[in-house]
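Sequence lines set the chain letters: A, B, ... in the order given, protein chains first and strands last, and positions in each chain run from 1. All values below come from the heavy atoms of this structure, side chains included, with hydrogens, waters and symmetry mates left out. Computed from a prediction, not measured in an experiment: that's the story for all the values here.
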There are 2 protein chains.
Amino acid sequence: MKNALSDYFKAAVSVDNVVFGFEKTGLKILLIYRGAEPFRDQWALPGDLISVDIDLVSSAEKVLQKLTGLEKIYMEQLQTFGKVNRHPYGRVFTVSYFALIKIEDAHLNPSSWAEEAAWFPINEIPNLPFDHNEILEFAKSQLKLRIRRQPIGFELLPKLFTLTELQNMYESVLETQFDVRNFRKKILFLDFITDTGKKENCVAHRPAKLFKYNAKRYQKLIENGYELAL
Amino acid sequence: MKNALSDYFKAAVSVDNVVFGFEKTGLKILLIYRGAEPFRDQWALPGDLISVDIDLVSSAEKVLQKLTGLEKIYMEQLQTFGKVNRHPYGRVFTVSYFALIKIEDAHLNPSSWAEEAAWFPINEIPNLPFDHNEILEFAKSQLKLRIRRQPIGFELLPKLFTLTELQNMYESVLETQFDVRNFRKKILFLDFITDTGKKENCVAHRPAKLFKYNAKRYQKLIENGYELAL
DNA sequence: AAATATATTGTAAAAAGTACAATAATAGTT
DNA sequence: AACTATTATTGTACTTTTTACAATATATTT
């Protein structure tokens, strides 16, 4: 009972993107409203079957662009989910990616079969089709791990940000609280965010200094054997 | 120019396993000698196309068992590689796994189209077919990351081990050196390896105490919010 | 008994992490 | 102009962790 080679070439592969967005009100996830079967008229992760003649990474970017309008944003592969019956139309393996973006900069423009795209607070996610809730939980736990060891949190913030915004972002993602003084002491000691000399304006209180992420300084840290750990 | 649904169900999926084994002479990788096309008569990672009616995790275990004889060993998913032309027979996405085992306990029994299975020192890996060298490099870097934060190193050691063996294992995997006194102080402080009261015998020097990993104690550490970091 | 080989152990100094609250700077109000 | 409301900014003492470093112990072999 040997399989013929052709028996193996009968699977489909999809990509599912977990897009994390941040704004003052907290961390959010981007979902699309499905305008096509299966699971039409349900909110789901922006994901789709991919073509056999496009590289995996390119496919992930293309799927995201088509369904949400987002492009050129930070993406990283997570894991592949491959239970036999996870898709009603046949054997579909799905490769999950996570992406990070500052919500203000995210111009949503859903097309293809995505009727809508909207941000959902991380703790108000509805039941999702397929195994999307499982994928989402995995993505959340991975984001927590990775954001502590790589300078990817800056993808969630505007180019210029205050130390308070930076701290709020880390606190939202990690679901924890930091002491203001200790947080600043540590982050400034690491020396890969630099004071731009600019300040907030039009705020009804003492304006905060604006900082920016300095990738070169971070590289130097790494070259010197330092390991980031927030 | 819309794709028909059937156009998507034309991919194959494979699993490639990076099996790390440890013994006194250092860290090794398990390769098989391919007795089938493509790349017949070359050493490669133990991997194979998988059937569309078996779950992904089960497939990974089955592929490893068939090609090498190994079963019930520690496995964890890494990443999926999906360049268009990575496989000469068509579009094949491969999901990589890494596995850990103590070489002494590994009874190799290659079957199916694997003509041989053998351990290769981690720094003497030949050129491999497909993108297997790339997969291997990714696996090595992931092993280094994961072994520092999870108690998976014990999978590479016998049930009873000496502190020197434990240190050698970590040093081999992490390609670094630890101070003997500081290493012991730290590992004993963590308190999840316990002295069995037994000792080495038949060694031409002071015999070392034998320890074992204590999973319950480790669980307690975690529950108390401790984060392992070697 | 001596030689050989590896196992075992402690301490002081440096670095990093933690807990904690008063002062500063702006816009808006009186 | 003085005052209020609001958030930004900053330092120090204490605790914990990490680091650097070498002499003694216990088994086998000669």
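Applying the ring pair (Phe, Tyr, Trp, His ring centres under 6.0 Å) criterion to A/W43, with sequence neighbours excluded, gives A/Y33, A/F120.
The CG-C1' distance, from A/D195 to D/dT10, rounds to 14 Å in whole Å. Between the CG atom of B/N182 and the P atom of D/dC21 there is a distance of 11 Å, given to the nearest Å. Following rounding to the nearest Å, B/I187 (CD1) and C/dT8 (C1') show an atom-to-atom distance of 16 Å. One atom, CZ of A/F183, and another, C1' of C/dC20, lie 18 Å apart when rounded to the nearest Å. The interatomic distance linking A/Q177 (CD) with C/dT18 (C1') rounds to 16 Å, in whole Å. A/E227 has its CD atom 13 Å from the P atom of D/dT18, to the nearest Å. If you measure from atom CZ of B/F178 to atom P of D/dT18, you get 12 Å, rounded to the nearest angstrom. Per the geometry, CG belonging to A/L230 stands 15 Å off P belonging to C/dA16, to the nearest Å.
Atom NZ of A/K102 has more than 12 heavy atoms from other residues, nucleotides or ligands within 6.0 Å. Within 6.0 Å of NZ in A/K62 there are 12 or fewer heavy atoms belonging to other residues, nucleotides or ligands.
With distances taken from any side-chain atom of B/L163 to the nucleotides C/dT8, D/dT26, D/dG11, the minimum falls on C/dT8. Side-chain proximity of A/D179 to D/dT10, C/dC20, C/dT26: nearest is C/dC20. When distances run from any side-chain atom of A/R184 to the nucleotides C/dT8, D/dG11, D/dT10, the shortest one goes to D/dT10. Considering only the side chain of B/P207, D/dT26 comes nearest among D/dA8, D/dT26, C/dT8.
Between B/V180 and A/A208, the one whose closest nucleotide on DNA chain D sits nearer the 5' end is A/A208. Between A/R181 and B/R206, the one whose closest nucleotide on DNA chain C sits nearer the 5' end is B/R206.
A salt bridge (charged side-chain N to carboxylate O under 4.0 Å, His left out) with A/K144 is found for exactly one of A/E171, A/E137, A/E175, namely A/E175.
Ion pairing between A/R34 and A/E115 fails under the 4.0 Å rule for side-chain N and carboxylate O. A salt bridge between B/E227 and A/R148 is present, with a side-chain N of the basic residue lying under 4.0 Å from a carboxylate O of the acidic one.
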Go through the steps for B/L163 and B/F211 under the test side-chain contact (heavy atoms from CB on, under 4.5 Å), then give the verdict.
CA-CA 7 Å; B/L163 292 179; B/F211 291 81; 3.5 Å; yes

Full working for side-chain contact (heavy atoms from CB on, under 4.5 Å) between B/Y97 and B/L78
CA-CA 5 Å; B/Y97 280 79; B/L78 290 168; 5.8 Å; no

Short N/O separations, protein against nucleotides 27-30 of chain C, under 3.5 angstrom:
| unit_1 | atom_1 | unit_2 | atom_2 | d |
| --- | --- | --- | --- | --- |
| C/dA27 | O4' | A/V203 | O | 3.4 |

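Side-chain atoms of B/K185 stay outside donor-acceptor range of the base of C/dT8, with no qualifying N/O pair under 3.5 Å.
A/T162 comes within 4.0 angstrom of nothing in the nucleic acid, heavy atoms only. Within the 4.0 angstrom heavy-atom criterion, only backbone atoms of the sugar-phosphate kind lie near B/K186; the bases stay farther away.
For C/dT9, one of the phosphate oxygens OP1 or OP2 lies less than 4.0 angstrom from a side-chain nitrogen or oxygen of B/K209.
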